[in-house]
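To find a chain, count down the sequence lines: A is the first, B the second, and so on, and within it residues start at 1.
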Amino acid sequence: MSKDYTYAVARIRAKEMSLLGNAAIEQLLAARSCDEALRILADRGWGNPDEDLTADNMLAAETKKTWSLIGEMVKDMSVFDVFRITDDYHNLKAAVKLACTGTKVDASRVFVDGGTIDPEKMRLAAEQKDFSALPEEMRKAGEEARETLLHTGDGQLCDIILDRAGLTAMYQAGKKAENEVIREYAVLTAVAADIKIAVRCGRLGKSLDFIERALAPVEELDLAALSRAALAGVDSVAEYLTNTDYAPAAAALKESFTAFERWCDNLIIEHIKPQKVNPFTVGPLAAYILARKNEIKCVRMVLSGKQSGLPDEIIRERLREMYV
Amino acid sequence: MDMSNLGLLLALLGAVSAALFAGIGSAYGVGLAGRAGAGAITENPDLFSKVLILQLLPGTQGIYGLLVAFVTLVQTGLLGGGAETMDTATGLMYFVACLPIAIVGLISAIYQGQTSVAAINVVTKKPDQFGKAMLFPAMVETYAILALLISILAVFSL
């Protein structure tokens, strides 16, 4: 029965009704200020009424609500580890940096909710230089990142060690997943992340060694060719992509990096849309989690844009396709 | 082993199969649709009556199986007394007569349960489409009714 999702899918169908569609996003865009947009969201039930009405509080509360809902319905949450592993590595990165720099800050400001491991456990591991309480792959990455940061003082090297480890863990977990939606998400996310790394490294003129250390191993891309393309620049990365299964990404990349990021997110949404009519399997739940992540990301863009006083058109061109 | 009652044994096996397999199918179908129904009303309790109807649709096969079993038991005299020895061929015919509702009942109830779940998903999102949504699992019922008809006609004709 632990793999029976009939009850959960029916509940999610009702929950999908409250997801933000394009019209709701337009309404947010039409708000005159960030505060007005926050009030519109609060009227729709977003955020926690007991907390101050701020963008950070609201978005953190919505992320918590999503995982709390899924946790109520699914006994074995490990099926969703693919979605949570990168948050674990983000928290590990924060823990290592805090420990190495001796910085004392409020944990809620640096750690994110939604991971599979308690961030406090990571903070203690980094502070006590003992990562044995963490899973093996995370332990190795944590130790290496800590040593690297202490010996070189290079935060960027520390970042690429943990980002690569996180992406690799997410990709491997995705490959093992029984559900197609989760497998596709893991592959698309890892491939998109490698392409973004290649583009950024190309722009910053990083060395071949750095690029190769940063790229996470994925079967879908020829990393040696991608690394060489990154050395030659963004156009070469786009050129390389035209010869892969991700040829449409090349056109987006040539347009702009923002267009490429939007293309990646929209591709995931396109892949999960058939789950709206699937009454069984974990697929609709996975799709809902991704739809919520996408929704929260879009709302964050609108709120940040409003806070910065960006014109609506500039915000709109960054917005992703919505699930509903 | 005394084989003189083999005919009656086969007839009883047919009656039991009809009730057993059709009942198993219905229990599975109703259970599956019930889980979806519970999910739907957790978020929207107003859907209860609509969801209940959809949940009950796969329950009919169990009733059909019971009906065929009851008729078979009466026809053979196993119910109400008067059961005499029955030749093996007649007993086998009763057994075969019960097979349509036993097999079709089992399979159609499972599929009907799955279709009911899909219909509950539709009603959860679009309660006003209940009439259309109900037709899909109702279509599966056709084949359970056909199987019931053949089983009943066959048992009565023996």
Side-chain angles (χ1 to χ4, degrees), chain A residues 1-24 44-46 62 65-77 79-80 179 181 269 272-289 291-292 295 322-324, chain B residues 24-59 107-140:
Chain A
M1 292 294 279
S2 64
K3 288 190 177 176
D4 182 280
Y5 300 102
T6 317
Y7 166 81
V9 173
R11 233 180 123 175
I12 283 297
R13 287 285 170 263
K15 285 288 180 187
E16 281 172 2
M17 302 291 287
S18 56
L19 286 174
L20 301 180
N22 291 327
R44 292 184 68 109
W46 275 54
E62 288 306 303
K65 279 184 201 172
T66 305
W67 286 112
S68 161
L69 172 71
I70 298 293
E72 267 179 45
M73 302 185 291
V74 178
K75 281 182 191 165
D76 179 13
M77 288 291 282
V79 72
F80 300 117
N179 186 267
V181 172
I269 293 296
I272 64 171
K273 274 190 174 172
Q275 297 306 316
K276 283 196 283 189
V277 291
N278 172 15
F280 301 104
T281 79
V282 74
L285 305 187
Y288 178 78
I289 294 169
R292 285 286 280 158
E295 181 183 62
M322 304 308 282
Y323 181 60
V324 291
Chain B
I24 289 171
S26 280
Y28 177 87
V30 173
L32 192 70
R35 291 200 289 283
I41 68 153
T42 302
E43 298 299 331
N44 186 358
D46 294 341
L47 292 173
F48 176 70
S49 54
K50 288 174 178 164
V51 161
L52 187 68
I53 292 168
L54 291 169
Q55 188 204 353
L56 290 178
L57 284 176
I107 296 170
S108 68
I110 292 169
Y111 281 120
Q112 198 172 26
Q114 291 169 349
T115 319
S116 285
V117 170
I120 288 169
N121 278 230
V122 172
V123 170
T124 306
K125 275 195 159 178
K126 296 177 178 173
D128 57 323
Q129 297 300 315
F130 170 70
K132 287 176 191 164
M134 196 181 69
L135 281 178
F136 298 115
M139 288 293 173
V140 186

Under a 4.5 Å cutoff for heavy-atom pairs, which residue among Leu47(B), Ile41(B), Val117(B) has the most contacts with chain A? Val117(B)

Quick check: do Leu32(B) and Phe280(A) have side-chain heavy atoms less than 4.5 Å from each other? yes

Do Lys276(A) and Lys125(B) come within less than 4.5 Å of each other through their side chains, counting heavy atoms only? yes

In Å, rounded to the nearest 0.5 Å, how long is the span from [atom1] of [X] to [atom2] of [Y]?
X         : Y         : atom1 : atom2 : answer
Thr42(B)  : Met73(A)  : OG1   : CE    : 9.5 Å
Lys126(B) : Arg13(A)  : NZ    : CZ    : 11.5 Å
Thr6(A)   : Ile120(B) : OG1   : CD1   : 9.5 Å

Within a radius of less than 6.0 Å around CE of Met77(A), do more than 12 heavy atoms belonging to other residues, nucleotides or ligands occur? yes

Residues forming a salt bridge (Lys or Arg N to Asp or Glu O under 4.0 Å) with Glu62(A), sequence neighbours excluded: Lys65(A), Arg292(A)

Could you report the tightest heavy-atom contact between Ala40(B) and Ala10(A), atom names first, then the distance? N-CB, 3.8 Å

Grab the two heavy atoms, one from Glu43(B) and one from Ala14(A), that are nearest each other, plus how far apart they are. CB-CB, 3.3 Å

